[in-house]
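Comments concern the structure below.
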Amino acid sequence: MNHQSVLIIDFGGQYNQLIARRVRECNVYCELKPYTITLEEIKAFDPIGIIFTGGPRSVYDPSAPHVDPAIFDLGVPILGICYGCQLMAYTLGGSVTAAQADTAREYGKTHTYFNTDCKLFKGLPTESVTWMSHGDYMERIPDSFRLAAHSDGCPTAAICDEEKGFYGVQFHPEVNHTEYGQQMLRNFLYEICHANGDWTMGDYMRSSITAIREKVGDGKVLLALSGGVDSSVAAALLAEAVGSQLTCVFVDHGLMRLNEGDEVEAAFAKWPIRFIRVDAEQRFLSKLAGVSEPERKRKIIGEEFIRVFEEEAKKIGQVDYLVQGTIYPDVVESGTGDAAVIKSHHNVGGLPDYVDFKEILEPLRLLFKDEVRQLGRELKLPEYLVMRQPFPGPGLAIRVLGDVTKEKLDTLRQADFIFRDEIAKAHLEGTMNQYFAVLTNMRSVGVMGDGRTYDYTLALRSVTTTDFMTADWARIPYDVLDAISVRIVNEVSGINRIVYDITSKPPATIEWE
């Protein structure tokens, strides 16, 4: 897959994956690499442009991350963002210092003024709002640079050396709070790097299918299908590429949402693959009986999933390729050592120890989640699968607080379905990133008809977020909450009280367990 590529060099900032997503949204392929990348590796990558990310350090600190100064002699356009901007200025002879006055230290939304004769700001208003987050500032810029933007508190909000193709911004164009940030990034890509926009999911799908066919030949392929977006899109891509050579094992552990198991099976009926649906509900419930501690639940479900998959794989015999639904954020995070833990159940961590195979295929490892969804659409997967809500590996077991029983799961399934149904009827799906119901283990007194009840409290949770690292609670209109509450207490037995979680992350997590 030969695409024009942009290299994003990571200095540890909190928005670095967001920069890569924004570049991809402009139909330009990019990869995020650590600042330790060598000059030879950069040359081998052959980028049409380079972006330096933000970071938490001060460039004048002797232990702060730097790059080989020879990067500025490659003849490749470079955009520095926040720390990246200061690093560029510092390396090329400017001066960066800690802000001595509050006016030079900026955080949050900042009114900024632009010189629109600079290519980076071509076609934009001469003033707008940007998102600042810096305690250092460029006291003196390199001799070959000129000022391209300023704010009331910072005279060096953007700099440029247009002859060499070097640009720096003190603010963060990748975040939504910067009003014209995406257009600035687009200007860098198209006006400065001369991108041709050759990164599309249609092209990726066609080239991936060809590459998979060449790789697999007449080999056998095995995939553990969880029913989530990543594994479903990976399965569809492999099904399109190798058809009957693919075996999908769908472990139905009885912990999914209402009708999801049937929906997953129906979605793959059009391909001539071998689809094995394992009814393991009783097996999982028996293992979970009496267990209320969340981490024990997770461990039991993860281990049992592997055991079930192992048993089915042994029945199949020798396979040549095992498919995993690894996506690009997992690859990026793997450098921290966290990704393997985070994705251990989703990506069936540990299966290579139990399944006899030759090689792992990770057909989505270059894609962000929004790109995975778009690829799913290109593969004609149904929208209910493509836009499936994020779902924890242990399923509803960690949305039933306390011990897990089939009765509680069925109660939660019905209530959760009503919640999602009313959100859909109100056309609010696009206003929130995740929403679900939690069956608490708290019971309280209620009155229904002429009788006294002592039933469970159901909690509703809905959040908005860009990265799931932080999240704010969604402001669902009162009339919609009222409709949800009325339906649940009338249609679902065992629930007599509804509460809505209005806690952000942090201090809370998105899930309750």
Side-chain angles (χ1 to χ4, degrees), residues 226-229 253-263 281 284-285 288 292 294 297-298 301 384 387-444 446 448 453-465 468 471-505 508-513:
S226 71
V229 177
H253 47 32
L255 305 173
M256 301 185 76
R257 292 168 288 204
L258 191 67
N259 301 324
E260 281 191 336
D262 294 338
E263 290 174 352
E281 180 181 44
F284 277 82
L285 287 177
L288 291 167
S292 59
K297 291 182 190 177
R298 291 177 183 274
I301 293 165
Y384 65 72
M387 289 306 295
R388 177 148 284 173
Q389 282 278 299
F391 197 52
L396 296 182
I398 59 166
R399 292 180 182 172
V400 170
L401 306 190
D403 65 315
V404 180
T405 66
K406 180 169 173 50
E407 181 182 27
K408 288 181 180 179
L409 288 167
D410 288 341
T411 296
L412 178 57
R413 263 188 278 267
Q414 294 177 55
D416 183 75
F417 173 80
I418 291 170
F419 183 22
R420 290 184 287 118
D421 188 48
E422 288 297 323
I423 292 295
K425 286 179 179 177
H427 305 292
L428 293 173
E429 308 102 307
T431 66
M432 54 194 80
N433 300 96
Q434 189 170 359
Y435 48 99
F436 55 90
V438 175
L439 186 65
T440 74
N441 54 3
M442 182 181 74
R443 302 179 79 171
S444 63
M448 288 188 175
T453 63
Y454 189 64
D455 287 329
Y456 287 104
T457 296
L458 183 85
L460 304 178
R461 178 74 160 144
S462 177
V463 299
T464 60
T465 178
F468 288 91
D472 193 15
W473 60 277
R475 273 62 170 175
I476 299 176
Y478 290 157
D479 59 334
V480 177
L481 286 172
D482 181 55
I484 294 165
S485 177
V486 169
R487 276 194 65 188
I488 290 174
V489 296
N490 278 280
E491 297 178 28
V492 184
S493 61
I495 296 173
N496 67 358
R497 194 177 297 271
I498 311 292
V499 297
Y500 185 51
D501 183 349
I502 58 169
T503 320
S504 296
K505 175 187 179 181
T509 55
I510 293 176
E511 296 286 347
W512 276 41
E513 283 194 347

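Keep in mind it's a predicted model, so treat the numbers as computed, not measured.
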Is there side-chain contact between Thr405 and Leu285, with at least one heavy-atom pair below 4.5 Å?
-> no
Lys/Arg N to Asp/Glu carboxylate O, Arg420 vs Glu429, below 4.0 Å = no
Leu412 side, atom CG; Phe417 side, atom CZ - distance, nearest 0.5 Å = 13.5 Å
In a check of side chain to side chain contact (heavy atoms under 4.5 Å, CB included) between Val489 and each of Ile484, Ile498, Asp455, which one passes?
-> Ile498
Would you say Met442 and Leu401 make side-chain contact, with heavy atoms under 4.5 Å?
-> no
State whether Glu511 and Arg461 are salt-bridged, where the test is any N-O pair (Lys NZ or Arg NE/NH1/NH2 against Asp/Glu carboxylate O) under 4.0 Å.
-> no
Lys/Arg-Asp/Glu bridge criterion (N-O < 4.0 Å) met for Asp410, Arg413 | yes
Determine whether Glu513 and Pro394 make a side-chain contact, defined as any pair of heavy atoms from C-beta on separated by less than 4.5 Å.
-> no
Lys297 and Gly402: which non-hydrogen atoms are nearest, and at how many Å?
-> NZ-O, 2.7 Å
Exercise: do Thr453 and Asn496 side chains pair donor with acceptor under 3.5 Å = yes
Which heavy atom in Asn490 sits nearest to a heavy atom in Val486, and how many Å separate them?
-> ND2-O, 2.7 Å
How about Val404 and Ser292: do any of their side-chain heavy atoms sit closer than 4.5 Å?
-> no
Are Glu422 and Arg487 ion-paired here, with the side-chain N under 4.0 Å from a carboxylate O?
-> yes
Counting distance only, does the side-chain N/O of Thr411 pair as donor-acceptor with the main-chain N or O of Glu407 below 3.5 Å?
-> yes
Nearest heavy-atom approach of Asp416 to Phe436 is OD1-CA, 3.5 Å
Looking at side-chain heavy atoms only, is the closest gap between Trp473 and Met432 below 4.5 Å?
-> no
Test Asn433 against Thr464 for side-chain hydrogen bond (donor to acceptor under 3.5 Å, both in side chains), laying out the working first.
-> CA-CA 5 Å; Asn433 300 96; Thr464 60; 5.0 Å; no
Just how far is it from atom OG1 of Thr431 to atom CD1 of Ile423, taken to the nearest 0.5 Å?
-> 7.0 Å
Is any NZ, NE, NH1 or NH2 atom of the basic residue among Glu263 and Arg388 found under 4.0 Å from an Asp or Glu carboxylate oxygen of the other?
-> yes
For Lys505 and Ile510, indicate whether the former's side chain and the latter's backbone hold a donor-acceptor pair under 3.5 Å.
-> no
Please report the shortest heavy-atom distance between Ala471 and Ser504, naming the atom on each side.
-> O-CB, 3.3 Å
Taking all heavy atoms of Ala397 and all of Leu409, pick out the closest pair and write down the distance.
-> N-CD2, 4.5 Å
Close side-chain approach of Val463 and Asp472, heavy atoms under 4.5 Å | no
Leu396 CG to Glu260 CD distance, which is reported to the nearest 0.5 Å = 8.0 Å
Please name the pair of heavy atoms, one in Arg497 and one in Ser444, separated by the smallest distance, quoted to 0.1 Å.
-> NE-OG, 2.9 Å
Output the distance between atom CG (Leu439) and atom CD (Gln414), rounded to the nearest 0.5 Å.
-> 11.5 Å
Gap between atom OG of Ser462 and atom CZ of Phe419 - 0.5 Å precision | 5.0 Å
State the OG1-CZ distance between Thr440 and Arg443, to the nearest 0.5 angstrom.
-> 10.0 Å
Taking only Lys NZ, Arg NE, NH1 and NH2, and the carboxylate oxygens of Asp or Glu, determine whether Lys408 and Asp403 approach each other closer than 4.0 Å.
-> yes
Is any side-chain heavy atom of Leu458 closer than 4.5 Å to a side-chain heavy atom of Leu460?
-> yes
4.5 Å side-chain heavy-atom contact, Ile476 and Tyr435 = no
